[in-house]
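Here's the structure, in structure tokens; my notes come after.
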Amino acid sequence: MAFVGIYRGPYFAAMELQARWACGVFSGRLPEPSAEEFSVGLEEERKIRASQPRPQFPHGDYVGMTESLAKHVGVHPEAILSNENDPLHRFLHDGPFLPFHFRLAGFAAKPDIAGAAITECAARFMPDLA
């Protein structure tokens with residue numbers, strides 16, 4: 001059993017990556033967490049639950065948490081982020097953080113569609129970037 005979408009707020013990239021990770025584990029494409037990883041993660045969540053006052057945003061670093069999960073799932077666009085000459089680099093580095101970023105590389109990647117969506121969002125909402 002897996003619970004996905006457990007993140008306070010409408011943070012679609014995190015929810016989608018949680019679902020992709022769970023499906024990857026269930027299908028055997030990704031390894032199950034080790035007993036140690038499971039225990040550490042469970043203990044971290046218990047500490048958050050027991051903290052007083054309870055934090056409004058228990059996992060406050062959305063970008064960091066999501067990028068870590070993307071690396072775990074194998075869909076982090078590291079090649080684009082590390083190459084300043086890549087046409088999408090500036091959009092990923094300086095533009096809005098979008099779920100499309102995690103369809104550029106790795107399992108079930110659709111780089112043409114994701115790249116077009118990222119470029120369109122940048123043109124519409126950040127014309128200085130496009």
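Computed from a predicted model, the values in this text were never measured in an experiment.
The nearest pair of heavy atoms linking P99 to F12 is CG-CB, 4.1 Å. In plain terms, the two heavy atoms of L30 and V73 that are nearest each other are CD2-O, 3.8 Å. Here the shortest heavy-atom pairing between F102 and L17 reads CD1-CD1, 3.9 Å. Across all non-hydrogen atoms, the minimal contact from P96 to M126 is CD-SD, 3.3 Å. Minimum heavy-atom separation, T66 to A13: CG2-CB, 3.9 Å. Counting all heavy atoms, side chain and backbone alike, P77 lies closest to L92 at CG-CD2, 3.6 Å.
E67 is linked by a side-chain hydrogen bond (donor to acceptor under 3.5 Å, both in side chains) to nothing, counting only residues two or more places apart in sequence or in another chain.
With hydrogens and angles disregarded, a donor-acceptor distance shorter than 3.5 Å links the side chain of S34 to the backbone of E37. One N or O on the side chain of H89 and one on the backbone of I80 form a donor-acceptor pair closer than 3.5 Å. At least one donor-acceptor pair under 3.5 Å links the side chain of R103 to the backbone N or O of A108. For the pair S27 (side chain) and G24 (backbone), a donor-acceptor distance under 3.5 Å is present. For S68 (side chain) and G64 (main-chain N/O), no donor-acceptor pair under 3.5 Å exists by modelled atom type. In terms of modelled atom types and a separation under 3.5 Å, the side chain of S51 and the main chain of I48 share a donor-acceptor contact.
Of the inter-residue distances, the one linking L81 atom CG with D86 atom CG reads 9.0 Å to the nearest 0.5 angstrom. One finds the CG atom of L104 at 12.5 Å from the NZ atom of K110 (value rounded to the nearest 0.5 Å). Summarising the geometry, atom CG belonging to L69 is positioned 10.5 Å from atom CD belonging to E16; distances are rounded to the nearest 0.5 Å. To the nearest 0.5 angstrom, R46 atom CZ is 8.5 Å from S39 atom OG. A distance of 10.0 Å separates NE2 of H101 from CZ of F91, quoted to the nearest 0.5 Å.
Taking a 6.0 Å sphere around CZ of F97, one finds it holds more than 12 heavy atoms contributed by other residues, nucleotides or ligands. More than 12 heavy atoms of other residues, nucleotides or ligands lie within 6.0 Å of CD in E43, so this atom counts as buried by the packing criterion.
In the hydrophobic clustering of this structure, F38 does not group with F26; members are Ile, Leu, Val, Met, Phe, Trp, Tyr whose side-chain heavy atoms approach within less than 4.5 Å, directly or through other members.
For the pair R20 and F107, the cation-pi test (distance below 6.0 Å, angle within 45°) is failed.
By the 4.0 Å N-to-carboxylate-O rule, R49 lies too far from E45 to be salt-bridged with it.
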